[in-house]
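Both ligands and their constituent atoms are indexed starting at 1 by order of listing.
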Amino acid sequence: MVEKFVGTWKMISSENFDDYMKAIGVGFATRQVGNRTKPNLVFTVDDQGTVCMRTQSTFKNTEIKFKLNEPFDETTADDRKTRTVVTLENGKLVQKQNWDGKETCIEREISDGKLIAKCIMGDVVAVRTYVREA
Ligand code: DKA
């Protein structure tokens, strides 16, 4: 099921991301860059089921490697140190990040051949859309 995410994706739209970044505590300067940046997402999966997700942009490159349902330590692009777990729920890749007593969730799904990333913090939701890079 994770296989459908494998490949290189480029962001084509981002809605409400500034409010999402505010909700998770990202400061003004980083939000300005975050709002301007159009990252690529690169997913790979190896024979052992380890998923690698790279985010590549002019702002920052990040990489996480994980197995589904196995918590791991993540350092996010905005430098939060989170305890993260990724699960697969009804075909959605659900990334839950916990830090400083807070929790946010990024749900990724494939819809009409596009990768939709829904970033959720409380009642604030940002939606970012990616298409496969040719
Ligand atoms: C996505 O995959 C969502 C990425 C969420 C990053 C939150 C922090 C960004 C700070 C610049 O598109």
Side-chain angles (χ1 to χ4, degrees):
M1 281 296 272
V2 177
E3 282 67 24
K4 64 184 176 184
F5 291 91
V6 168
T8 300
W9 303 85
K10 63 174 180 182
M11 199 185 77
I12 56 162
S13 71
S14 178
E15 293 163 27
N16 210 33
F17 194 54
D18 193 51
D19 281 347
Y20 172 74
M21 287 190 289
K22 271 185 203 163
I24 60 172
V26 180
F28 178 80
T30 302
R31 290 207 315 276
Q32 300 314 298
V33 184
N35 283 325
R36 276 201 303 270
T37 303
K38 290 192 174 180
N40 274 10
L41 269 184
V42 184
F43 274 96
T44 58
V45 58
D46 73 12
D47 294 344
Q48 321 302 319
T50 301
V51 180
C52 176
M53 187 181 81
R54 289 193 193 92
T55 305
Q56 302 172 332
S57 74
T58 48
F59 168 49
K60 205 168 265 185
N61 295 330
T62 61
E63 177 181 294
I64 55 174
K65 285 187 175 170
F66 57 89
K67 285 193 172 172
L68 291 176
N69 309 311
E70 295 186 8
F72 60 98
D73 294 319
E74 175 179 6
T75 300
T76 65
D78 55 310
D79 216 29
R80 281 168 295 134
K81 309 286 188 282
T82 66
R83 190 72 179 158
T84 298
V85 65
V86 182
T87 55
L88 200 54
E89 296 173 26
N90 300 319
K92 292 183 189 176
L93 213 45
V94 178
Q95 179 180 5
K96 284 202 175 107
Q97 298 171 325
N98 283 273
W99 79 107
D100 295 346
K102 302 174 199 165
E103 180 175 285
T104 185
C105 177
I106 303 166
E107 295 181 356
R108 295 184 175 88
E109 67 178 314
I110 309 298
S111 174
D112 288 338
K114 296 181 179 131
L115 187 156
I116 312 294
K118 204 180 270 187
C119 309
I120 303 164
M121 180 70 188
D123 58 0
V124 178
V125 181
V127 178
R128 287 153 72 80
T129 303
Y130 292 77
V131 293
R132 280 196 187 276
E133 198 166 65

ask   = In terms of atom number and element, which parts of ligand 1 are under 4.0 angstrom from non-hydrogen atoms of Asp78?
value = 8 (C), 10 (C)
task = For atom 7 (C) of ligand 1, state which one of Arg108, Gln97, Arg80 supplies the nearest heavy atom.
result = Arg80
remark   = for atom 6 (C) of ligand 1, nearest protein heavy atom and its distance come out as Phe17 CZ, 4.1 Å
query = Are any non-hydrogen side-chain atoms of Val86 and Phe72 less than 4.5 angstrom apart?
reply = yes
inquiry  = I'd like to know if the side chain of Ser57 reaches the main chain of Phe59, judged simply by a donor and an acceptor atom lying under 3.5 Å from each other, with no hydrogens or angles considered.
reply    = yes
remark   = Only residue of Val42, Thr8, Leu41 satisfying side chain to side chain contact (heavy atoms under 4.5 Å, CB included) with Gln56 is Val42
message = Is there a salt bridge (charged side-chain N to carboxylate O under 4.0 Å, His left out) between Lys114 and Asp112? Walk through the geometry before answering.
response = CA-CA 5 Å; Lys114 296 181 179 131; Asp112 288 338; over 6 Å; no
inquiry  = As an exercise, identify every atom of ligand 1 less than 4.0 angstrom from a heavy atom of Phe59.
reply    = 11 (C)
message = Has Lys102 got a side-chain atom pairing as donor or acceptor with Gly25's backbone, closer than 3.5 angstrom?
response = no
message = Using a 4.0 Å heavy-atom cut-off, which part of Cys119 comes near ligand 1: side chain, backbone, both, or neither?
response = side chain
ask   = Is there a donor-acceptor pair closer than 3.5 Å between any side-chain N or O of Arg31 and the backbone N or O of Val26?
value = yes
query = At what distance is the nearest protein heavy atom to atom 5 (C) of ligand 1, and which residue and atom is it?
reply = Ile106 CD1, 4.0 Å
query = Taking both backbone and side-chain atoms of Arg128, is any N or O found less than 3.5 Å from an N or O belonging to ligand 1?
reply = yes
note = Here the atoms of ligand 1 under 4.0 Å from any heavy atom belonging to Tyr130 are 1 (C), 2 (O), 12 (O)
